[in-house]
Amino acid sequence: MVQEGLVQQRILYHGSQNLFADSVPYKRYIFATKPLMDTFQRQMYGYAIVIMNEQTIFERYSPYLSDGAEISLVTSAGDVMSSSVRDTTNMYRPELLEYAKIGGEREDYGLMTKGDMTYISFYIPEFDAYLLQEIDGNIAFAPLKKIAYRIAEVVIIVLLLIIISVYLLTRKITKPLYELVDTMQNAKVDSLQSHPLQEGVSYEIKVVTKTYNHLVKEIDLYTNRLMVEQNERRKADLSALQMQINPHFLYNTLTSIKYLAKMNRIDDVDRTITSLSTMLQNTIGSTEDIVTVEHEIENLKHYVYINKIRYGEQVDVLFDIRQDCMDLYIPKLIIQPFVENAFFHAFPSMRKGTIHIFIRQQADRLLIEVLDDGVGAQENKERIKKRSVSGIGIDNVHHRIVLLYGTKYGVEFESASGYGTAVKISLPIIQNISVEQ
């Protein structure tokens, strides 16, 4: 072949499948031509033609084929001499030549990546051709991606199993603790409850539960003992107060009896002695601190009678007791100190007056009112803190009521100069003595 008077001495490959179709027994073949030159005379004297079976070339590189990979043998002119994509053999594909030339005309490899495609080329100078491999990453690495996904699935499943196992193990440990905490939080001082000892719990939880139950048992024992001691102490305090009856009260009463005897008023002597003995029996002889309204009023009437014998009839005492209150229970000796206060402070210098005692139910309370129309004074409020003639302080009444029933009950006291004094005692309605005790 002559070009501009020169002969191209390189190997030329021809892809036409029609030239030797009748004489070549190959399905696909490659024939190459190369000019034969006389090196001394520098003249061409002929051509060498080589016909190659393309299948032989294909079998050489086919073992290296894999999914997503294509191998082509491309001439330097862009003709595909052989390809793993069989239909492209002997086609002119200049785009492949661009990828193939990345290796240059060197005896080494060239590598280029474009998108998901990777191109590897190797120049074969003996054939003036390039061996090009195209690798589609999406297909070639699909098995690796599947393995990665499978590993991720296994890792996620293992993590979930670990999380579930840790949760179940933690719940097994913490659930008894939460139940114990709930028992402690819901526990009240007046109704402590033991926590049931469960099977299958850890040693530490068993120890904590047993310790808590032991503390509950000890607290219950201590509370019961304290209630008994407080009840006994309350009775002892009442007994001590009852023993503090003012000796002047007894002396004056006995003097009054002596005077009645000299006056030969035998009936009055008998009734006075009876009233005094009844008062002493109810005040000193009995340690019960809860009595019925009827019993308290009866004892109070004996006291009023003795005072009238001593001081005359200038002070009148009127009782207004509702019938439905007679059987209700109240602390003993809570009315008498206020009546005494009225007798000795509301009516000085033999002043006449009246003391009214009202007892009635109002809503969920029992109200006891002691009213007098005496002199009344702001100073009378201070006298409420002093001990009465019988020895039981008026302030002690309020303290006893608060101690027994709480701060919502107690004594209210009002006094105004020229208008008298009003005392209001508020108590719960107690129909059965066992409820209070």
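In this chain, numbering begins with 1 at the start of the sequence shown.
For the 3.5 Å distance criterion, the side chains of R86 and Q55 qualify, holding a donor opposite an acceptor. Residues S76 and Y123 bring no donor and acceptor atom of their side chains to less than 3.5 Å of each other.
Counting heavy atoms from C-beta on, the side chains of I368 and I335 come closer than 4.5 Å. Side-chain contact between K308 and V315: absent, with no pair of heavy atoms (C-beta onward) separated by less than 4.5 Å. The side-chain heavy atoms of Y405 and P331, taken from C-beta on, include a pair separated by under 4.5 Å. Counting heavy atoms from C-beta on, the side chains of Y92 and P94 come closer than 4.5 Å. Contact of the F347 side chain with the T354 side chain is not registered, since no non-hydrogen atoms from C-beta on lie closer than 4.5 Å. Looking only at side-chain heavy atoms (C-beta outward), N299 and L333 come within less than 4.5 Å of each other. Inter-residue side-chain proximity for Y99 and S121 is flagged as unmet; no heavy-atom pair is nearer than 4.5 Å.
Here the shortest heavy-atom pairing between S277 and T274 reads OG-O, 2.9 Å. When every heavy atom of D268 is checked against every heavy atom of T272, the shortest pair comes out as O-OG1, 2.6 Å.
A salt bridge does not link K301 with E298: every distance from a Lys NZ or Arg NE/NH1/NH2 to an Asp or Glu carboxylate oxygen is 4.0 Å or more. The residues E313 and K352 are annotated as not salt-bridged, no charged nitrogen and carboxylate oxygen being separated by less than 4.0 angstrom. Taking a cutoff of 4.0 Å between a charged side-chain nitrogen and a carboxylate oxygen, D324 and R360 do not qualify as a salt bridge.
The distance from the CG atom of L427 to the CG atom of L328 is 10.0 Å, given to the nearest 0.5 Å. Rounded to the nearest 0.5 angstrom, I57 CD1 and L73 CG are separated by 6.0 Å. Here the CG atom belonging to L96 is positioned 10.5 Å from the OG1 atom belonging to T75, to the nearest 0.5 angstrom.
Classified by interplanar angle (parallel below 30°, tilted 30° to 60°, perpendicular above 60°), the ring pair Y303/F343 is perpendicular. Classification of the F358-H356 ring pair by plane angle, with boundaries at 30° and 60°, yields parallel.
The neighbour count for R365 CZ, taken as heavy atoms of other residues, nucleotides or ligands under 6.0 Å away, is above 12. Heavy-atom contacts from other residues, nucleotides or ligands closer than 6.0 Å to CG of D67 number 12 or fewer.
Among S82, S83, S72, the single residue meeting the side chain to side chain donor-acceptor pair (under 3.5 Å) criterion with Y61 is S82.
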